[in-house]
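Working notes, structure below.
Every heavy atom of this structure was used, including side-chain atoms; hydrogens, water molecules and symmetry mates were not.
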Amino acid sequence: MDWGTDLWDQFDIIEKHTQSGLELVEKYVKFVKERTEVEQNYAKQLRNLSKKYNFKRGSREEQECSRFSSYQSFLDVLNEMNDYAGQRELIAENMMMNICIELTKYLQELKQERKTYLLEAKKAQQSLESTYKQLDSSKKRFEREWREAERATQNAEKTDQDINATKADVEKAKQQAHMRTHIAEECKNDYAAQLQKFNKEQSQFYFNDMPIIFNKLQDMDERRVRKLSQGYILFSDTEKHVMPIIGKCLEGVTKAGNNVNERNDSLALIEQNKSGFERPGDLDFEDYSQGINRTSSESSLGTPKGAMDLLGKNRNKNFWLFSKKSKPTVTEDFGHLPPEQRRKRLQQKFDEIGKELQKEVDQSEALGKMKDVYEKNPQMGDPASLASQINQTAQNMERLRGELNKYETWLAEAGGRGETLRFSPQTFNNNNGAHDVYSPDGAHSDGSAPDPSQAIYAEFDDDFEEEELTAPIGQCTAMYNFPGASEGTIAMQEGEELSVVEEDKGDGWTRVRRTNGDEGYIPTSYVSITLSK
C-alpha cells in the first residue's frame, strides 16, 4: 500500500474493504442456507434467490464487481444458478455441512483476527502520540529555562557593573546565573534526547509498525478471498453428484471460483487507491540557546516556529491517524478527488457524453432521411411534422458538444486525453439542408452552398458500389406494392420475397436485396420481416 502522512485515509480504505469482505462472506453463507431450503417449486425459488442476492444496480458492490475477482465470481455464481433454474432435485445436507457451518466458523475467526490488527494499529498510534506529548513538554521546558538563564545572566552582568552592589551581591548573582545556565543545559539535553526518541519512534511507526499491520490485514483478506473461492467450488461440487443434467452450468460455477485471484484483488485495491503522499522526514533540532549572550536590547527570545509548531497546532485535537476528516464538497470537475481518480471519472464522463452525442447525430441523420422522403413522397407523411424533432435534436447536439469540450478541457488539466469522436460525415439542420457537422450555418467548409440536386440517398448508391455484398440477416415478404420512385429505394410487388441486409435504424426504412443482386431501401411497414437467429 502506497501511503504517507495522510495515513488515516489509507487505513480507512483498508478497514472498510476488510469489513466489506466479511459482509460478502456473510452474504454468501446466507445465500447457501436459503439455497438448501429450496425443496419444492425449485425453478421459481432459485430464480428468486438469484434476483434477491444480485447486486443492486448502481450500488458500491456492483462497481466492485468490475474490479475484484471475488465479487465478479459471486455474480457469476448467481447467473449460473439462474441458467439451470428449470431443473428440479436438490440435496441440501452436504451444502449445510461443508459450506454453511464451515464458513460461519471461519468468519468468526476472521472477525476476531481483524479486531486484533485494528487494536494493534490504535496502540501504535497512541504510543507515538504519547511520545510526541513528552517531546512537546520537554521543548517548552527547555525554552522556559533558557529564558530564565538568559535573564539571570543579564542580571549578573548588571549587578557586576553596579557601583553600589557589594561583592556578595555580585557573587550571588553570578552563582544564580551559573545555576540557571546549568539547569537550561540539562533541559536542552533532555529535549535533544526526547527529540531523538520521537524521531526514532515515528520512523518505527511509519516504516515498520504500520507496514506490518497493513501486511497482516492484506494476508488476512487474501485468505478470506481464497476461502470464499473454495466455498464457491464446494457449492458446485455438491450439486454435480446429484444433478448431472446441469453439469455444464456447474462447471461455470467452478470456473467462477477458480477465477478468484486474491493477489490480483489486493493489487487492484492498491492500484486504485494509491495516494502518492510522501512519508514525513525527521524533525529538526531547534536550539534556543543561541541568543543567550546577546545584549539586553536583543535578548528577548520569540517562540520559534518550526516543524514541531506545525505539528503542535492541533495538539488539542485527536491524532491524525484516527481523526475523521470532513467530507469534501463534490464538484462538477471532480476536483475533490485525488488526481488519478479524478482523471478516471472525467474520462468516464467524457465517454458517456460522446456516446450521447453520437446517438443525437444518428438521430439527426435519420430525421433528415425521413424528411427528404416525405418531401419526395407527400403521401407518406408531412415534412413539417418533423421540424420540432429536428430542431430539438440540433439543440441537443449543440449542448452535448459544449459539455464534451468542457470535460475535454478538464481531462487535459488532469493529465488525461479525450479521444476525438468520429461522427457521421453529415447531419441535418432544421431545413433539411445537408451540412458539415462542424458548420452550424449549413454551409460547407469551403464556403460553397450545398447542392440541392444531390438527393439524400445518393450516398447509399456510393456505399453499394464501394462495399462488398453483406450477408443477409433475414428474409421479408412484401405485403403491398411499392414503386421505389425515390433515388436509393427499390421497387417491389406484393408477395415478393426479398433478403434483409440492414435493419430499420428508427427512420422507418429497411435495406433489402433481390436475388439478382439489386439493393435498395423499402418502407419497413410495407413488409413482414423474419430475422435469422
Side-chain angles (χ1 to χ4, degrees), residues 1-3 9-32 35 49-82 99 102-104 106-107 109-111 113-115 117-118 211 213-236 251-276 334 337-345 347-348 351:
M1 177 62 70
D2 180 15
W3 49 269
D9 286 346
Q10 305 304 311
F11 192 85
D12 187 54
I13 291 171
I14 294 299
E15 183 181 7
K16 290 180 179 179
H17 177 72
T18 54
Q19 178 62 32
S20 176
L22 295 179
E23 291 174 356
L24 179 63
V25 176
E26 290 179 340
K27 179 173 286 189
Y28 181 66
V29 170
K30 291 178 181 179
F31 165 74
V32 178
R35 178 68 176 84
L49 282 177
S50 297
K51 181 178 180 181
K52 176 179 180 180
Y53 283 96
N54 208 333
F55 298 144
K56 294 182 180 179
R57 187 173 301 277
S59 66
R60 173 180 55 79
E61 290 178 321
E62 185 187 39
Q63 297 174 1
E64 290 184 353
C65 280
S66 61
R67 300 195 294 262
F68 302 109
S69 61
S70 58
Y71 286 79
Q72 186 60 51
S73 294
F74 181 63
L75 186 61
D76 292 341
V77 170
L78 296 179
N79 292 335
E80 293 293 345
M81 291 300 97
N82 190 61
I99 299 178
E102 185 69 20
L103 279 183
T104 300
Y106 185 75
L107 182 62
E109 296 174 355
L110 284 182
K111 287 182 178 179
E113 184 179 359
R114 176 177 176 273
K115 182 178 179 180
Y117 296 151
L118 296 182
I213 293 174
F214 272 56
N215 289 335
K216 288 180 179 179
L217 287 170
Q218 179 178 343
D219 177 71
M220 181 202 73
D221 194 63
E222 290 177 357
R223 284 188 281 108
R224 188 263 312 167
V225 173
R226 186 165 58 250
K227 188 72 173 179
L228 188 57
S229 70
Q230 294 172 359
Y232 294 157
I233 298 173
L234 279 174
F235 181 89
S236 66
E251 288 174 4
V253 179
T254 303
K255 183 179 179 181
N258 290 329
N259 283 340
V260 174
N261 189 315
E262 62 270 19
R263 189 63 182 175
N264 285 348
D265 281 6
S266 293
L267 295 178
L269 179 70
I270 293 171
E271 181 64 26
Q272 181 186 354
N273 297 285
K274 281 185 177 180
S275 68
F334 303 111
L337 297 177
E340 182 63 19
Q341 297 183 30
R342 182 189 180 213
R343 185 192 64 77
K344 292 179 180 179
R345 291 296 298 277
Q347 184 66 55
Q348 179 184 4
D351 295 341

Minimum side-chain heavy-atom gap [X]-[Y] below 4.5 Å:
X	Y	result
Glu262	Arg223	no
Ser69	Asn264	no
Leu75	Asn54	yes

Subject >> side-chain hydrogen bond (donor to acceptor under 3.5 Å, both in side chains) partners for Ser229, two or more places apart >> reply: none

Subject >> Lys216 charged N/C atom sitting above Tyr117 aromatic ring, 6.0 Å / 45° >> reply: no

Nearest 0.5 Å, please: how far is [atom2] in [Y] from [atom1] in [X]?
X	Y	atom1	atom2	value
Ile14	Met220	CD1	CE	9.5 Å
Leu228	Leu22	CG	CG	10.5 Å
Gln230	Tyr106	CD	OH	8.5 Å
Glu251	Asn258	CD	CG	11.5 Å
Arg226	Glu222	CZ	CD	7.5 Å
Lys30	Leu49	NZ	CG	13.5 Å

Original post:
Considering residues at least two apart in sequence or located in another chain, which fulfil the ring pair (Phe, Tyr, Trp, His ring centres under 6.0 Å) criterion with Phe31?
Top reply: Tyr53, Phe235

Shortest non-hydrogen contact between [X] and [Y], atoms and distance:
X	Y	result
Ser20	Tyr71	OG-OH, 2.5 Å
Ser73	Val260	OG-CG2, 3.0 Å
Arg345	Phe334	NH2-CE2, 3.4 Å

Original post:
Parallel, tilted or perpendicular for His17 and Phe68, by the 30°/60° rule?
Top reply: tilted

Subject >> N/O donor-acceptor pair under 3.5 Å between Asp219 side chain and Asn215 backbone >> reply: no

Subject >> Any donor-acceptor N/O pair, Asp265 side chain to Val225 backbone, under 3.5 Å >> reply: no

Subject >> Lys255/Glu80 ion pair, N-O < 4.0 Å >> reply: no

Subject >> Arg224: partners by salt bridge (charged side-chain N to carboxylate O under 4.0 Å, His left out), with sequence neighbours left out >> reply: Asp221

